[in-house]
S.K.: 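Take a look at the following structure, please.
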Amino acid sequence: GVTADLAPEIAALLGPLPPRPDSPTSDEQLQAAIAALLRGLTSPEHPLVIFIDDLQWADNDTLDLLEVFTRHTTVDHAALIVAFRDDEISDDPAPVMHALERAPTQPGLTHLRLGPLAVADIADLIDDTWPGIVDLDQLAAIVARKTGGNPFYVQQMVAALADRQLVRVDSHSGHWLWNAPGTAALPVSDNVVGAITQRVADYPPHVREALQVAAALGDRFELGDLAAVLAVGTAYAYRQLVPALDDDVIRPSGDGERHFRFAHDRVRQAAYRNAAADQSAATLHVRIAEVLAARNPDGSAATAIADHF
């Protein structure tokens with residue numbers, strides 16, 4: 001019953017659950033209940049993988065989930081994967097670091113540090129994009145230097161090379177050629193996100209408004225929710241998103257054609273800052289909470305609604 005209070009959808013999976021105890025639930029009891037739930041949901045035939053991204057911004061409730069895996073070692077057939085940027089730990093790093101420091105003591109844990117892309121990796125990506133491009137290693141080295149090997153920045157810089165027509169086919173040899181002076185003038189590293197932010201700022205007002213609301217909805221958002229907050233039809237809301245989809249500012253999330261996500265969390269942050277500048281962020285979140293409540297009268301979006309209040 002404790003876990004059903006947090007996620008009412010669980011009852012649909014497990015059937016009727018015992019009522020929640022009248023006494024207050026301690027952290028230890030809650031963690032034990034979650035561990036029991038995971039054991040009930042998993043089996044050798046139906047393993048479960050939980051992925052938590054951007055752990056550096058995790059709240060205490062999310063960190064409590066880590067405690068389930070570090071303290072309750074009887075959770076079998078389940079794997080927890082977390083990703084975080086160690087250079088972006090929040091202003092108070094103690095809770096996150098404490099959770100991470102506990103984890104290495106557990107058997108079966110693998111710590112994989114993902115470094116920047118090497119020049120050779122970037123060369124492979126460029127060669128896949130423009131097979132046989134002239135002076136590939138030199139171009140890859142420039143891209144590596146400007147992006148620091150950050151995969152998102154590399155992707156954006158390759159897109160910029162195409163958008164600005166800095167790569168072309170030589171009409172005589174048939175080989176791909178790149179413009180060295182123009183490539184050298186492209187933004188460096190963190191300025192790539194700044195360039196994307198400027199691109200967003202240049203969108204027509206109705207497109208910017210849609211992105212601002214989407215950013216307030218979250219890293220991932222559903223087209224129906226966006227349309228309801230904007231008070232437009234879903235077809236019109238989708239048309240508002242088309243420029244951002246074309247520029248890879250947002251992407252389909254893989255959860256169906258009505259679900260989208262921001263290409264990078266920093267792009268979403270920039271869009272959200274624009275929303276806060278153009279209107280009251282508090283007013284926008286109240287509007288979102290009202291829409292979610294109206295669209296989910298069964299209470300299934302209670303947690304998301306609470307986040308906006």
S.K.: Pick from L177, V169, L161, L136: which one makes a side chain to side chain contact (heavy atoms under 4.5 Å, CB included) with W130?
M.R.: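 One option only clears the test, and that one is L161.
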S.K.: How far does CH2 of W178 sit from CG of L166, to the nearest 0.5 angstrom?
M.R.: 10.0 Å
S.K.: Please test L245 against F260 for side-chain contact (heavy atoms from CB on, under 4.5 Å), starting from the C-alpha separation and ending with a verdict.
M.R.: CA-CA 9 Å; L245 284 165; F260 303 90; 3.9 Å; yes
S.K.: Please report the shortest heavy-atom distance between M157 and T183, naming the atom on each side.
M.R.: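 Here M157 and T183 meet closest at CE-CG2, 4.0 Å.
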S.K.: Of all heavy-atom pairs between A271 and L211, which one has the smallest distance, and what is that distance?
M.R.: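 Smallest interatomic distance, heavy atoms only, reads CB-O, 4.1 Å.
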S.K.: Are the side chain of D225 and the backbone N or O of E222 linked by a donor-acceptor pair below 3.5 Å?
M.R.: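 The answer is no, because no donor-acceptor pair under 3.5 Å joins these two groups.
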S.K.: Looking at R287 and A228, what are the two nearest heavy atoms and their distance?
M.R.: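 It is NH2-O, 3.0 Å.
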S.K.: Looking at every heavy atom in both D127 and G132, which two are closest together, and how far apart are they?
M.R.: OD1-N, 3.0 Å
S.K.: Give a yes or no on whether L125 and V134 share a hydrophobic cluster (residues Ile, Leu, Val, Met, Phe, Trp, Tyr; joining criterion: side-chain heavy atoms under 4.5 Å apart).
M.R.: no
S.K.: Could you tell me whether the side chain of K146 and the main chain of A184 form a donor-acceptor pair under 3.5 Å?
M.R.: yes
S.K.: Return the CD to CG distance between E209 and L226, rounded to the nearest 0.5 Å.
M.R.: 9.0 Å
S.K.: I'd like to know whether OH of Y203 has more than 12 heavy-atom contacts from other residues, nucleotides or ligands below 6.0 angstrom.
M.R.: yes
S.K.: Hey, what do you get for CD1 (I126) to CG (L139), rounding to the nearest 0.5 Å?
M.R.: 4.0 Å
S.K.: Checking R258 against T234 for the side-chain contact (heavy atoms from CB on, under 4.5 Å) test, could you report, in this order, the C-alpha distance in whole Å, the side-chain angles of both residues, the deciding distance, and whether it holds?
M.R.: CA-CA 9 Å; R258 294 172 60 90; T234 54; 3.9 Å; yes
S.K.: Do you know which two heavy atoms are closest between I122 and G149, and how far apart they sit?
M.R.: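 Result for this residue pair: CD1-CA, 4.3 Å.
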S.K.: Any chain of hydrophobic side-chain contacts (each under 4.5 Å) joining F221 to V286?
M.R.: yes
S.K.: Give the intermediate values and the outcome of side-chain contact (heavy atoms from CB on, under 4.5 Å) for residues L223 and L241.
M.R.: CA-CA 10 Å; L223 183 62; L241 297 177; 4.1 Å; yes
S.K.: What's the shortest heavy-atom distance between Y272 and A215, and which atoms?
M.R.: N-CB, 3.7 Å
S.K.: To the nearest 0.5 Å, tell me how far D135 CG sits from I142 CD1.
M.R.: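 Spacing of CG (D135) from CD1 (I142) equals 9.5 Å.
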S.K.: Apply side-chain contact (heavy atoms from CB on, under 4.5 Å) to R168 and D170, showing your working.
M.R.: CA-CA 6 Å; R168 62 178 180 83; D170 182 75; 4.2 Å; yes
S.K.: Starting at CG of D53, measure out to CD1 of I81 and round the result to the nearest 0.5 Å.
M.R.: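 Interatomic distance, D53 CG to I81 CD1, rounded to 0.5 Å: 11.0 Å.
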S.K.: Should I250 and Y238 be counted in the same cluster of Ile, Leu, Val, Met, Phe, Trp and Tyr side chains packed under 4.5 Å apart?
M.R.: yes
S.K.: Just verifying a value: how many Å separate N179 CG and R164 CZ, rounded to the nearest 0.5 Å?
M.R.: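 Reported value, rounded in 0.5 Å steps: 11.5 Å.
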